Amino acid sequence: MQEAVIKKIKRENLQILQSELFKFIGHKVAHSANCNDYTNYCNDIIVIDLAQSMFYTFKDKIESHKPFLNLALTPSQAVILLYCCTWDKKERSEEERFVMQFICDVLHEKLINI
């Protein structure tokens, strides 16, 4: 399958994305602890595993200190990131909401074209 590439992301926006991904992981971990459905529990484990891997990939990119970065995501990584972007988290700032909506729109377009 084809990768979903997001080009020229500002480093600051990737930092926001990484922070939101970290919060999403915490949310999923808390959710899985109370999950009584085996299939949903297994799906949560997959989501957490992929999201943690992406968190460290984002960390490496952020530490490169380039002003603009490219993200090459597998289809499953793109879906996990889309889950994170569409996660209904009320405490997001206006800037966080903007970044998450922008990434959501880009990912939606990329996933439709895979």
Side-chain angles (χ1 to χ4, degrees):
M1 289 189 111
Q2 184 179 344
E3 286 188 328
V5 179
I6 306 172
K7 296 184 178 186
K8 296 185 179 180
I9 301 172
K10 289 183 184 176
R11 196 167 71 96
E12 298 81 21
N13 290 347
L14 188 58
Q15 288 172 320
I16 289 171
L17 195 56
Q18 182 196 33
S19 174
E20 289 299 299
L21 188 62
F22 181 76
K23 295 168 192 168
F24 180 71
I25 293 167
H27 168 75
K28 281 300 200 182
V29 167
H31 177 267
S32 67
N34 300 320
C35 187
N36 295 324
D37 181 275
Y38 186 71
T39 301
N40 288 337
Y41 178 76
C42 290
N43 287 335
D44 283 346
I45 290 172
I46 292 167
V47 169
I48 292 165
D49 182 51
L50 283 168
Q52 284 179 327
S53 171
M54 290 168 40
F55 176 86
Y56 290 107
T57 299
F58 293 179
K59 180 181 181 286
D60 290 342
K61 287 195 172 286
I62 290 166
E63 289 175 352
S64 74
H65 298 291
K66 294 178 183 175
F68 292 96
L69 305 158
N70 296 332
L71 278 181
L73 303 169
T74 65
S76 51
Q77 288 174 326
V79 169
I80 299 303
L81 196 52
L82 186 62
Y83 285 164
C84 177
C85 290
T86 58
W87 170 43
D88 186 24
K89 183 175 164 264
K90 304 207 183 319
E91 307 86 48
R92 285 186 178 145
S93 70
E94 191 66 34
E95 183 179 18
E96 289 169 338
R97 277 194 293 280
F98 177 79
V99 170
M100 300 307 276
Q101 185 61 55
F102 172 76
I103 297 296
C104 179
D105 293 344
V106 171
L107 288 173
H108 179 74
E109 179 185 328
K110 300 280 183 186
L111 287 169
I112 287 174
N113 292 321
I114 286 183

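Computed from a predicted structure; not experimentally measured. Hydrogens, waters and symmetry mates play no part in the numbers below; they use all other heavy atoms, side chains included.
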Where is the tightest heavy-atom contact between Ala72 and Glu3, given as atom of each residue plus distance?
-> CB-OE1, 3.4 Å
Would you give me the side-chain donor-acceptor pairs under 3.5 Å for residues 59-67, sequence neighbours excluded?
residue : atom : partner : partner atom : Å
Lys59   : NZ   : Glu63   : OE2          : 2.9
Lys61   : NZ   : Asn70   : O            : 3.0
Ser64   : OG   : Lys61   : O            : 2.6
His65   : NE2  : Glu63   : O            : 3.4

Separation between CD1 of Ile9 and CD1 of Ile103, rounded to the nearest 0.5 Å = 4.5 Å
Name all residues meeting the ring-ring contact (aromatic ring centres under 6.0 Å, His included) criterion together with Tyr41; count only those two or more places apart in sequence or in a different chain, and write none if there are none.
-> none
Roughly how far, to the nearest 0.5 Å, is CG of Leu73 from NZ of Lys110?
-> 10.0 Å
Would you name the heavy atoms of Ala51 and Leu21 that are closest together and state the gap between them?
-> O-CD2, 3.5 Å
Path from Phe22 to Ile46 over hydrophobic side-chain contacts below 4.5 Å | yes
Is there a chain of hydrophobic side chains (I, L, V, M, F, W, Y, each step under 4.5 Å between heavy atoms) that links Ile112 to Leu71?
-> no
Who pairs with Glu109 by side-chain hydrogen bond (donor to acceptor under 3.5 Å, both in side chains), at least two apart in sequence or on another chain?
-> none
Nearest-0.5 Å distance that lies between atom CD in Gln101 and atom OG1 in Thr86 | 9.5 Å
How long is the span from the NZ atom in Lys10 to the CD atom in Gln15, to the nearest 0.5 Å?
-> 12.5 Å
For Glu20, which residues count as a side-chain hydrogen bond (donor to acceptor under 3.5 Å, both in side chains) partner, sequence neighbours excluded?
-> Lys23, Lys89, Arg92
For Phe68, which fellow cluster members are found when Ile, Leu, Val, Met, Phe, Trp and Tyr are connected by side-chain heavy-atom distances below 4.5 angstrom, either directly or through intermediates?
-> none
Counting only pairs under 3.5 Å, give me each side-chain donor-acceptor contact of residues 29-38, with atom names and distances, residues two or more places apart or in other chains.
residue : atom : partner : partner atom : Å
His31   : ND1  : Asp44   : OD2          : 2.8
Ser32   : OG   : Lys28   : O            : 3.3
Ser32   : OG   : Val29   : O            : 2.9
Asp37   : OD1  : Thr39   : N            : 3.1
Asp37   : OD1  : Asn40   : N            : 2.8

Can you sort out the partners of Arg11 under salt bridge (Lys or Arg N to Asp or Glu O under 4.0 Å), two or more places apart, ordered by chain and number?
-> none
Heavy atoms only: give me the nearest Ala78-Leu107 pair and the separation to one decimal.
-> O-CD1, 3.7 Å
How would you list, by chain and number, every residue that makes a side-chain hydrogen bond (donor to acceptor under 3.5 Å, both in side chains) with Glu95, sequence neighbours excluded?
-> none
How many angstroms lie between CG in Leu81 and CG in Leu111, if you round to the nearest 0.5 Å?
-> 9.5 Å
Nearest-0.5 Å distance, CG of residue Asp49 to CD1 of residue Ile25 = 10.0 Å
Under a 4.5 Å cut-off applied to non-hydrogen side-chain atoms, are Cys85 and Leu17 in contact?
-> yes
Taking only residues at least two apart or on different chains, which pairs with a member in residues 87-114 satisfy ring pair (Phe, Tyr, Trp, His ring centres under 6.0 Å)?
-> Phe24-Trp87, His27-Trp87
